[in-house]
S.K.: 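Following this message is one structure expressed as structure tokens.
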Amino acid sequence: MSGSEFPSSWSDPQYVTAIVGVLAVAALYVYSALTQSGPTTGEITFVLLVVLLPTTVAYEVARRW
């Protein structure tokens, strides 16, 4: 792979989206490690929103900045 395939700037929307997505997933792992119950439908919806909402917002903010 060449270096041009990877984002080279903090302001690149795809780079920002990837970082925010990784942090959101890490937060979910911490949350799941601290709780004792299994996932319900509401929890699954919450998980999807926690991952997709910040990623989408970060992408749009970075794209417009």
Side-chain angles (χ1 to χ4, degrees):
M1 298 182 131
S2 69
S4 64
E5 294 179 22
F6 296 103
S8 60
S9 171
W10 282 95
S11 62
D12 182 19
Q14 291 178 341
Y15 183 75
V16 172
T17 302
I19 296 299
V20 171
V22 168
L23 292 175
V25 169
L28 288 173
Y29 273 108
V30 169
Y31 169 74
S32 68
L34 296 176
T35 60
Q36 299 297 324
S37 62
T40 64
T41 306
E43 290 172 337
I44 291 171
T45 303
F46 175 74
V47 166
L48 289 174
L49 287 175
V50 164
V51 171
L52 296 176
L53 215 61
T55 342
T56 304
V57 169
Y59 177 81
E60 289 301 322
V61 167
R63 188 175 65 88
R64 294 170 191 216
W65 191 339

S.K.: Between CG of Leu49 and OG1 of Thr56, what distance do you get to the nearest 0.5 Å?
M.R.: 10.0 Å

S.K.: Report the hydrophobic cluster partners of Val16, with the cluster defined as I, L, V, M, F, W, Y residues connected by side-chain heavy atoms closer than 4.5 angstrom, directly or transitively.
M.R.: Val20

S.K.: Under the side-chain contact (heavy atoms from CB on, under 4.5 Å) rule, collect the residues that match up with Leu53, sequence neighbours excluded.
M.R.: none

S.K.: Does anything in residues 14-32 pair up under salt bridge (charged side-chain N to carboxylate O under 4.0 Å, His left out), and if so which pairs, sequence neighbours excluded?
M.R.: none

S.K.: Members other than Val30 in its cluster, when Ile, Leu, Val, Met, Phe, Trp, Tyr link by side-chain heavy atoms under 4.5 Å?
M.R.: Leu34

S.K.: Not counting sequence neighbours, list each pair that qualifies as a salt bridge (charged side-chain N to carboxylate O under 4.0 Å, His left out) and has a residue in residues 52-63.
M.R.: Glu60-Arg63, Glu60-Arg64

S.K.: Please report the interatomic distance OH(Tyr59) to CG(Asp12), rounded to the nearest 0.5 Å.
M.R.: 8.5 Å

S.K.: Measure across Ala62 and Pro13 and return the closest heavy-atom pair with its distance rounded to 0.1 Å.
M.R.: CB-CA, 3.7 Å

S.K.: Report the residues that fulfil side-chain contact (heavy atoms from CB on, under 4.5 Å) with Val22, sequence neighbours left out, ordered by chain and then residue number.
M.R.: none

S.K.: Supply the atom-to-atom distance Ile19 CD1 to Thr55 OG1, rounded to the nearest 0.5 angstrom.
M.R.: 12.0 Å

